[in-house]
Colleague: 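First, the structure itself, so that you have it in front of you.
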There are 2 protein chains.
Amino acid sequence: MDLDTDHRRAPRTARAMARAELTRDIVDSARKQLGVVGPAQLSVRAVARDLGMASSAVYRYFPSRDHLLTALLESGYNELGSVVEEADSAVVDRNDHLLRWLTLGRCVRGWAVAHPYDYALLFGSPVPGYDAPQSTIQPATRVTGVLAVLLRDIAAAGPVQQPVVPAAVHRSITGMHEFIGTEVDDGLVMAGAAAWSGLIGAISLELFGHLVNAVSDHDAYFEELLHLLAPTSDRLAAH
Amino acid sequence: MDLDTDHRRAPRTARAMARAELTRDIVDSARKQLGVVGPAQLSVRAVARDLGMASSAVYRYFPSRDHLLTALLESGYNELGSVVEEADSAVVDRNDHLLRWLTLGRCVRGWAVAHPYDYALLFGSPVPGYDAPQSTIQPATRVTGVLAVLLRDIAAAGPVQQPVVPAAVHRSITGMHEFIGTEVDDGLVMAGAAAWSGLIGAISLELFGHLVNAVSDHDAYFEELLHLLAPTSDRLAAH
DNA sequence: AACAGAAGGAGAGCAGTGCTCTCGAAAACT
DNA sequence: AGTTTTCGAGAGCACTGCTCTCCTTCTGTT
């Protein structure tokens with residue numbers, strides 16, 4: 001089972017190939033169900049039925065329903081992450097930080113609206129008694145990684161603000177600093193955190209039905225909100 | 001009990017009193033379970049077991065599990081709403097709008113941290129195939145109602161900004177305007193929406209485990225974030 | 001006070017779930 | 001070729017939401 005001795009990633013034996021194929025099929029079928037039914041209602045037996053196999057056979061590939069959900073978590077994070085990464089790299093003017101923020105926000109919301117149950121799995125209430133294992137945190141950081149790079153570029157372009165946050169806050173966000181980079185000051189890190197919080201909150205409120213009687217045109221509303229939430233707004237406004 | 005006064009709401013017959021009592025007991029037991037197990041795992045049979053009755057008897061009071069969840073939704077919204085209302089009214093200086101915003105935010109987060117599963121029920125991913133009936137939207141507006149009053153007071157105290165939002169946005173948020181009041185201009189309404197989005201997003205990210213490796217001292221971090229999210233920040237900073 | 005009818009409890013039962021076992025067959029390794 | 005691992009299938013357990021029937025108890029009316 002040791003992966004370090006197995007240099008060849010591609011499985012050679014027929015059985016290993018079949019296993020990889022079926023593992024993918026199971027995840028695909030489960031994600032297909034996620035498009036209809038929501039994470040809590042996702043059923044191992046329904047996946048088995050969809051693939052024409054016995055439900056017990058699925059457990060040869062995923063030892064529990066939670067492990068299957070973990071795979072879906074990874075899949076969703078990776079899909080969202082690659083969408084955001086691609087869109088950000090498509091912005092030609094790298095110094096147009098506002099546009100890059102808008103692109104990131106539009107991307108995340110666009111993907112969330114297109115895959116509401118996947119978004120609910122990623123950013124909604126977690127399944128109780130289940131904490132994400134280490135394998136999911138790496139894909140989860142891809143989309144926030146794009147934001148981190150943006151913050152770095154903002155810090156590199158503009159003048160570095162003095163850290164105006166209390167020492168307790170500075171100490172508390174060392175994890176963010178390690179992830180983003182030490183050249184980004186506390187104020188900008190917190191601005192990014194506020195922007196990210198606002199983005200996730202706005203999408204969650206919309207998708208989870210908290211704006212039904214408040215907002216009619218969600219596209220226009222979100223676009224305006226995105227401008228307000230931009231971490232660069234004060235800096236851009238100050239020029 | 002004050003219910004025994006001769007208002008027609010008070011049930012007079014023994015059976016009606018027993019029904020009201022048992023209905024309350026069921027909701028209480030369900031909310032007690034919510035403190036441990038999460039909305040999706042909430043079990044009607046477990047409630048019945050807790051109360052020492054047959055599971056089928058519970059269906060005499062709540063025709064389905066979703067109806068029970070609706071009652072929990074109402075109960076949670078009312079509890080959170082009354083907490084926030086009380087805290088806001090305890091702020092003596094009504095013109096200290098920043099303090100009132102901070103109080104609101106601290107209240108919501110404090111309640112959410114104390115009742116994570118209740119918060120997940122209210123603001124997390126909704127149970128699939130279930131849309132909240134009309135009876136829940138009134139309690140749901142209590143906490144946002146406090147924010148609405150705050151925005152009204154800000155608008156009344158400060159100079160009215162010109163609506164700088166596009167016409168499409170103005171048309172889209174007529175629902176918010178009707179709820180908040182026409183004297184609040186578009187810009188302030190959107191600032192309130194952004195602040196509320198950021199608040200819900202920040203709490204959701206914390207409670208749903210998205211800050212595990214990023215933030216160590218959540219209290220200090222949230223306090224700083226709350227200042228950044230304040231809808232009055234630009235106005236206060238501009239004075 | 002007597003009685004028809006409504007209300008509510010208990011239990012059995014149905015269809016579904018996650019998950020665990022055993023058993024036999026097929027593939028892989030030696 | 002023989003041995004060991006791998007994997008599919010099926011039965012089964014404990015649990016769920018929910019329905020149906022049966023029967024007791026309470027209620028409003030005569």
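Sequence lines set the chain letters: A, B, ... in the order given, protein chains first and strands last, and positions in each chain run from 1.
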Colleague: Which residue, A/A54 or B/P63, contacts DNA chain D at a nucleotide closer to its 5' end, judged by nearest heavy atom?
Modeller: A/A54
Colleague: Roughly how far, to the nearest 0.5 Å, is the OG atom of B/S29 from the CG atom of B/L68?
Modeller: 9.0 Å
Colleague: Using a heavy-atom cut-off of under 4.0 Å over every strand shown, decide if B/L68 touches base, sugar-phosphate, or nothing.
Modeller: nothing
Colleague: Salt-bridge test for A/D217 and B/R171: reply yes if a basic N is under 4.0 Å from a carboxylate O, no otherwise.
Modeller: no
Colleague: Which part of the nucleic acid, if any, lies within reach of B/S55 when heavy atoms closer than 4.0 Å are counted: base, sugar-phosphate only, or nothing?
Modeller: base
Colleague: Need to verify one output field. Residue with the more 5' nearest nucleotide on DNA chain C, B/L22 or A/A46?
Modeller: B/L22
Colleague: Roughly how many Å is it from CE in A/M17 to P in C/dA26, rounded to a whole number?
Modeller: 20 Å
Colleague: If you measure only the distance, is there a donor-acceptor pair under 3.5 Å linking the side chains of B/Y119 and A/S125?
Modeller: no
Colleague: For B/H177 and B/T174, test the side chains for any donor-to-acceptor distance below 3.5 angstrom and give the result as yes or no.
Modeller: no
Colleague: Determine the contact category for B/L42: base if any of its heavy atoms lies under 4.0 Å from a base atom, sugar-phosphate if only primed atoms, P, OP1 or OP2 are that close, otherwise nothing.
Modeller: sugar-phosphate
Colleague: Considering every strand and a 4.0 Å limit on heavy-atom distances, what is the contact class for A/A14: base, sugar-phosphate, or nothing?
Modeller: sugar-phosphate
Colleague: Would you grab the first and last nucleotide of DNA chain D (5' to 3') that comes under 4.0 Å of any non-hydrogen atom in chain B?
Modeller: D/dT16 to D/dG28
Colleague: Within 45° of the ring axis of B/Y77 and under 6.0 Å from its six-membered ring centre, is that where the NZ or CZ of B/R142 lies?
Modeller: no
Colleague: When you measure only distances, ignoring hydrogens and angles, does the side chain of A/R45 come within 3.5 Å of the base of C/dG16 through a donor and an acceptor?
Modeller: no
Colleague: Quick check: on DNA chain D, is the nucleotide nearest B/S56 upstream (toward 5') of the one nearest A/Y61, or the reverse? Name the residue that is more 5'.
Modeller: A/Y61
Colleague: What integer distance in Å separates A/D50:CG from C/dT17:P?
Modeller: 13 Å
Colleague: Which atom names give the shortest non-hydrogen contact between A/V27 and A/F62, and what distance separates them?
Modeller: CG2-CZ, 3.7 Å
Colleague: Of all the heavy-atom pairs spanning B/S172 and A/H218, show the shortest one and how long it is.
Modeller: OG-N, 4.5 Å
Colleague: Can you pull every protein N or O that's under 3.5 Å from an N or O on nucleotides 4-7 of chain C?
Modeller:
unit_1: C/dA7; atom_1: O4'; unit_2: B/R15; atom_2: NH1; d: 3.2
unit_1: C/dA7; atom_1: N3; unit_2: B/R15; atom_2: NH2; d: 3.4

Colleague: Quick one: side chains of residues 102-114 of chain A, donor-acceptor pairs under 3.5 Å with protein atoms, not counting sequence neighbours, listed by atom name and distance.
Modeller:
unit_1: A/T103; atom_1: OG1; unit_2: A/L99; atom_2: O; d: 2.7
unit_1: A/R106; atom_1: NE; unit_2: A/E223; atom_2: OE1; d: 3.2
unit_1: A/R106; atom_1: NE; unit_2: A/E223; atom_2: OE2; d: 3.1
unit_1: A/R106; atom_1: NH2; unit_2: A/E223; atom_2: OE2; d: 2.4
unit_1: A/R109; atom_1: NE; unit_2: A/E206; atom_2: OE1; d: 2.9
unit_1: A/R109; atom_1: NH1; unit_2: A/D219; atom_2: OD1; d: 2.9
unit_1: A/R109; atom_1: NH2; unit_2: A/E206; atom_2: OE2; d: 3.0
unit_1: A/R109; atom_1: NH2; unit_2: A/D219; atom_2: OD1; d: 3.0
unit_1: A/W111; atom_1: NE1; unit_2: A/E79; atom_2: OE2; d: 2.9
unit_1: A/W111; atom_1: NE1; unit_2: A/H115; atom_2: ND1; d: 3.4

Colleague: Could you give the CD-to-P distance, from A/Q33 to C/dG16, as a whole number of Å?
Modeller: 14 Å
Colleague: Have a look at B/L51 and say if it touches a base, only the backbone sugar-phosphate, or nothing, with a 4.0 Å heavy-atom cut-off.
Modeller: nothing
Colleague: How many whole angstroms separate atom CZ of B/R65 from atom C1' of C/dT17?
Modeller: 13 Å
Colleague: Is it true that A/H67 and A/T70 share a donor-acceptor pair across their side chains at a distance under 3.5 Å?
Modeller: no
Colleague: Please report the distance, rounded to the nearest Å, between CZ in A/R60 and P in C/dT22.
Modeller: 12 Å
